[in-house]
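Below is one structure, written out as C-alpha cells; comments come after it.
Excluded from the calculations below are hydrogen atoms, water molecules and symmetry mates; all remaining heavy atoms, backbone and side chain alike, are included. Here the structure is a predicted model, which means the values were calculated and not measured. Residue numbers begin at 1 in each chain, while the letters A, B, ... track the order of the sequences.
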Amino acid sequence: MNFRDFLKENIVYLDGGMGTLLQAEGLKTGEYPERWNITHPEAIINIHKSYFDAGSNVVCTNTFGANSLKFSNDELEEIIKFAVSNAKKAKELSHNKGEKFIALDIGPSGKLLKPLGDLDFEDAVNLFANTVKIGVKYGVDLVIIETMNDSYETKAALLAVKENCDLPVIVSNAYNEDGKLMTGATPEAMVALLEGMGVDALGANCSLGPNKLRGVVERLLKKASVPVIFKPNAGLPKSINGKTVFDITVDEFSTEITDLVKKGVRVIGGCCGTTPQYIKSLWDKTNHLSPLPIEKKNLTVVSSYSHTVEFKNKPILIGERINPTGKKRFKQALIENDINYILSEGVNQQEKGVHILDVNVGLPDIDEVSMLEKTICELQAIIDLPLQIDTSDAIAMEKALRRYNGKAMINSVNGKAESMEAVFPLVKKYGGLVVALTLDEDGIPSTAEGRVEIAEKILKVANEYGIDKKDIIFDTLAMTISADNNAAINTLSSLKTIKEELGCHTSLGVSNISFGLPNRDAINGTFFALALENGLSAAIMNPYSTDMMKTYYTFNALKGFDENCGEYIGIAGTFINEKKAIETVKKQTNAEYNSDCQYSIIKGFKDKAAEITKELLKDTPPLQIVNEEIIPALNIMGKGFEQKTVYLPQLLMSAEAAKSAFEAIKEFMVKDGEVEKGGTVVIATVKGDIHDIGKNILKLLLENYGFNVVDLGKDVPAEDIVNKVIEVDAKVVGLSALMTTTVVEMEEAIKQLRGKAPFCKVLVGGAVLTQEYADKIGADKYAKDAMEGVRYVQEIINNK
Amino acid sequence: MVFIKTYEEPPLNKKEILRYIGSNQDQDTIQLVEECISKVKSVIKYKVCYCELCVSINNGLCDFGVFKVTSSNLAKNLKGCKQVIVFGATLGIELDRIVAKHSKLSPTKALIFQGIGAERTESLCNVFCEEIAKEFGVSLRPRFSPGYGDLPLETQRQIFSVLDCERKIGITLNDSLLMSPTKSVTAFIGLEDDSNLEV
C-alpha cells in the first residue's frame, strides 16, 4: 500500500526519539549524529528496528541535520545513502506485520532566514532541495519536514520537496509554550500556509511534552482539512540526583496522546526523550480505535508570518494606499527607490485598522518584477498583516508569491483563458486566495447575469486545477456611475447572486464607483454601505477616508458584528475631531525659538511639525520654510548636542520631527513638479556587521540637512559600496562598523575606493573606531558622532 | 545534557536603559522610554539553555572535554575552577523585528528599543546566574563571552555545537558568528571550587 492510501484510512504511528538513544550508545556531545549512519550502522538499524517492532508504521531516517551547510556534497550523499539503507534493513528485520514506510527526515538548517538572519530564502530552498534529491534517489516512501520553528524556513523546505519529487510530504512544527513558532506563527497561520501548498499532513512536534502542546493540537484540529500529526517530547529534561530524566512517563505520555487521537489526531509518535516503550504504549492504547474521518473545513483564509485573516460574516478591509495610481508622491517614491516611504504607507494603514494590505508597485518606468519582490520582502519584515499581491504581470506575481511568508491574497485572475492559464498554476503551487474579476475576452458584461456566468466559468476552470472555491473571491467590478446610471445596481446585484447562489466570498475596489464625480468620499461611503448589505466580504479601500471608516464601523455595530459596540465607541471620537483646527503649540517664553514650527521640531512633535508645515505652505514658499524654520531649529539642536546641553534621544526626536516637516514640503513640491536635490552621500555598514543604529542616525540627520542619501544597508560587501559610489558619483561615503572584527572589512572597502573612486572622501564611525584606528586604515575623517559626520559632509560638499 | 530555563520578566532598571541610549534623563525621553517598554513587554521572551562542563586549565589552554579553547584571558578568569556552566540566553526574535521596523521609521525609538534589549539581556543573565549560584551552592566567576579579550569569536561554533541553541531556544549563528536574535548572549561562568577554601 502506498503511504497516501494508508494515511486515508488509518491511525499512523511514527517513531520516537533518536538523539537520546544515540547518546546512550555513546554519541558524544557536539558529535554529528548523522555521521553514525556510516560509522555505526548497526546502532542505527537497531533503533529503527525497535521502533518498527514497537508498532511504528513510519521511521524517519537519521538525517535531521543532513544538509550541505554541515556536510560536503560527497559526505552528504554518503550519509543519506547509508541512512536510507539502514532504515530499509530495519524494515526487513522487523517482525512486525504492520505497514512499514521510510520517511526522509528533514530538520531545520540551523540558520535563520533573511531579513532576521543571513540565509537567503532561495539558498534555503536549494539547500533542502539537495537533501531531497539524494533521499529520493535512494528510495524513500515519503518526506517528513519536522521541528521547524520558523514558518519561512518551513515554506522553503516544503517548496524544495514539491519541486523535486511527487512523494507524500508531511510537515510538523515546533511550537513554544505561548502556542506560536519561534518567529511568531500561530497554528492557524501554519495550517493556512501548509494546506495552501498541498501538504499531506501537518502538526506539532518536539519543544514540549504532550500536556503543554495540547492547546496547539486542538487549534490545529479545528482548522486543518488534512490529517494532524502529534509527536511531542517526553516533557523536559530534569537533573535528579545527578541523573538526567525526562519528566513525562510512558503512561502519562500515551494517555495524553490517546485522548487527542479520540479528538481526531491521526499521525502520532514521539520526539526528544521518547523511546520504543513510549511508542509501544501508544500503540497498545490506540490501535483498537477507529480513526476519525478528516473533515474539509472550507475556510476562506489568508495569512502572514504571524496570523490569519479569515473571511466570515464580518467584512474585511484591504488598504489600497500602496499603489502608484493617481498618487504623485507614491510614484516619486517608487522612482527614487524610497522603500521607507512605502513602508510608512503600510504602517499608517495598519494603524488605521485595515486587515490586509494591497501591494501594487506597477509603473511603466520601473522594473516591476524586482520592485514587487523587494517591497513584499520589506513589508513582511516589519508588518504582520497579510498582503494582497496586486499585479497583472505573472512573472512578478510568481516571484512575490514565492518569497511571501504565508498564504497571500492574489489580485487578480479573470475569466479570460489566458489569465486563468497564467494564474491558477501559481495559486495551486504556492497557495493563495485569489480575487477573480468577472470579466472575460468579451469585456465586462453589463448585466448581473453575465457577470455571474463568468464567475461560474472561473469556478469550473479553477476546479480543474484542483483549486477549491473557498480560495476564490469574486470582484464583480465597481464601475463609475458617472458613465452609466445603472453601474452600481448591476455590480450590487451580481454581488448578491454570487454570494447567495454560488456561496462565494466577494470583494470590490469600492472607490471606482465615484470616478469623475465631485466629493467622491460621500458617494463611496454610501456605496460601501449598500455593497456590505448585499453581501460584500471585503473592500479594497482608502482607510484614511472618514466616510468609508464611518460606514464600516457603523455597519458592524448595526449588524451585530461589533460586540457591545466596542469598536465603534473606540473610534467614534475621531469622526468628530477630524476637522479640528490645528492647535497652536504653546510657546514657551524662552525666546530662542520664535515660531510654532521651530518649537514643534525642537520638541520632537512629529505630527505637529507636519501639520504646521502644511499650514505654512498655503502662503509661504517652501524654500523659505526650510531656511527660516526647519534649518534654524535643526541648528539649535545640533549645536546643543555639540555643547552637551542636548542628548542623543532629544536630537533624534527633533530630527524625526524635522523629517516629517520635510516630508510635507516634498509632497507639496512633487505636486508642483519641482524637486531639488543636494549632494549625494553613500552610507553603509560594512560586510560582516549587522549593527546599523549609528548609520541610521547619520542618515536621518544628513537627509534633514538636504543631502541625498543612498543607504546600502548593513552587511554590505566592499564591491557594492564602490560600485554605488561610482554610479551615483558620491562625493562622500560614510562607513560604519561596530566590531573590531569588521574594521578589517572597512579597510578593504577603503582600499578599493582609493583605487576605483579616488574622488570620494571616506567618513568612518562606529563604536570600536578611534582617530588612531581611522588613520591606520586610511580614512579621510573619523566622526565621533552623527553631528560631527554632518559637519564634515557639509564641509566637503558645500564648499566645493 | 542541556537544560532549558524560562523566566518571567526579570527586574527592570530604567536608569540603565537611559544610560545605554545616552540620555540625560529628561522628562520627554523618560516618557518615551516608558512607552517603548510597555510596547515590548509582552513580546520579549526570556529563555536560557545551559550545560555543565568540567574544565582543566593548562597555560592558556582551557580544556572542556568536549572542546578546547586557547585564551589566556578565559584561562585567567577560570583559574582554579573545576566546573563551568556554559549557557546561551535570548530575548527572542520579536524585539529584532521591532527594532528593524523602527530603524526604518523612527530611529529614536529604534535606539530606545536597542537600549531596552541590552538592559533586558543583562538582567536575564543576572537572574540566571543567581539561580545557578543557588542551585550549585557556590559563588560564580564573572561571565565571560566569546569576543571578550582574546577569546575568539570562533568559540561560538563550539558552544553552539554543545548547547544546540538553535533547537533548544532558537538562537542561530550567522556567517560572521553573530547571533540572531541579536539580543542574545553566550558565556562561560566558572563555578568557584570551594574545596580550595577548606583549610
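For B:Glu135, the CD atom is densely surrounded, since the number of other residues' heavy atoms within 6.0 Å is greater than 12. Other residues, nucleotides and ligands place no more than 12 heavy atoms under 6.0 Å from the NZ atom of A:Lys687.
Only the side chain of A:Thr147 comes within less than 4.5 Å of a heavy atom in chain B; its backbone stays farther off. Proximity to chain B (any heavy atom under 4.5 Å) is shown, for A:Pro108, by neither the backbone nor the side chain. For chain B, no part of A:Ala174 is nearby; none of its heavy atoms comes within less than 4.5 Å. For A:Phe64, the part lying near chain B is the side chain, with the backbone staying farther off; criterion is any non-hydrogen pair under 4.5 Å. Using a 4.5 Å cut-off between heavy atoms, A:Ile693 touches chain B through its side chain atoms alone. If you measure heavy-atom distances from A:Asp384 to chain B, you find no contacts under 4.5 Å at all. Neither the backbone nor the side chain of A:Val646 comes within contact range of chain B, judged by heavy atoms closer than 4.5 Å. Interface residue A:Ser239: backbone and side-chain heavy atoms are both found under 4.5 Å from chain B. Both the backbone and the side chain of A:Leu116 come within contact range of chain B, judged by heavy atoms closer than 4.5 Å. Contact of A:Lys111 with chain B is made through backbone and side chain together, with heavy-atom distances under 4.5 Å.
Looking at heavy atoms from C-beta onward, A:Asn176 lies in side-chain contact with B:Lys47 at the 4.5 angstrom threshold. Put simply, the side chain of B:Ser106 reaches to within 4.5 Å of the side chain of A:Lys606, judged on heavy atoms. In this structure, the side chains of B:Arg97 and A:Ile382 stay at 4.5 Å or more apart for every pair of heavy atoms. In this structure the side chain of A:Asp178 reaches within 4.5 angstrom of the side chain of B:Lys45, judged on heavy atoms.
Rounded to the nearest 0.5 angstrom, B:Arg167 CZ and A:Met148 CE are separated by 11.0 Å. Here A:Ser207 contributes atom OG and B:Ile169 contributes atom CD1; the two are 14.0 Å apart, rounded to the nearest 0.5 Å. To the nearest 0.5 Å, atoms CG (B:Leu178) and CG (A:Asp689) are separated by 7.0 Å. The line from OG1 of B:Thr90 to CE of A:Met182 is 8.5 Å long, rounded to the nearest 0.5 Å. Rounded to the nearest 0.5 Å, atoms OH (A:Tyr647) and CG (B:Leu18) are 12.0 Å apart. To the nearest 0.5 Å, the span separating NZ on A:Lys699 from OG on B:Ser103 amounts to 10.0 Å.
Salt-bridge annotation for B:Lys104 and A:Glu378: present, with a side-chain N of the basic residue lying under 4.0 Å from a carboxylate O of the acidic one.
Residue with the most contacts toward chain A among B:Asp96, B:Leu173, B:Leu177: B:Leu173 (heavy-atom pairs, distance under 4.5 Å).
Without hydrogens or angle criteria, B:Asp175 side chain to A:Gly688 main chain gives no donor-acceptor distance under 3.5 Å.
With B:Ile93 as the partner, the side-chain contact (heavy atoms from CB on, under 4.5 Å) test is satisfied by one option alone out of A:Asn149, A:Asp150, A:Leu112: A:Leu112. Evaluated for a side chain to side chain donor-acceptor pair (under 3.5 Å) with A:Gln650, the options B:Thr108, B:Asp26, B:Thr29 yield exactly one hit, B:Asp26.
The two residues B:Leu111 and A:Leu652 have their closest heavy-atom pair at CD2-CD1, 3.8 Å. Between A:Pro649 and B:Gly22 the shortest heavy-atom distance is CD-O, 3.6 Å. Of all heavy-atom pairs between A:Asp118 and B:Asn174, the closest is OD2-CB, 2.9 Å. Pairing each heavy atom of B:Lys109 with each of A:Glu656, the nearest pair is N-OE2, 4.2 Å.
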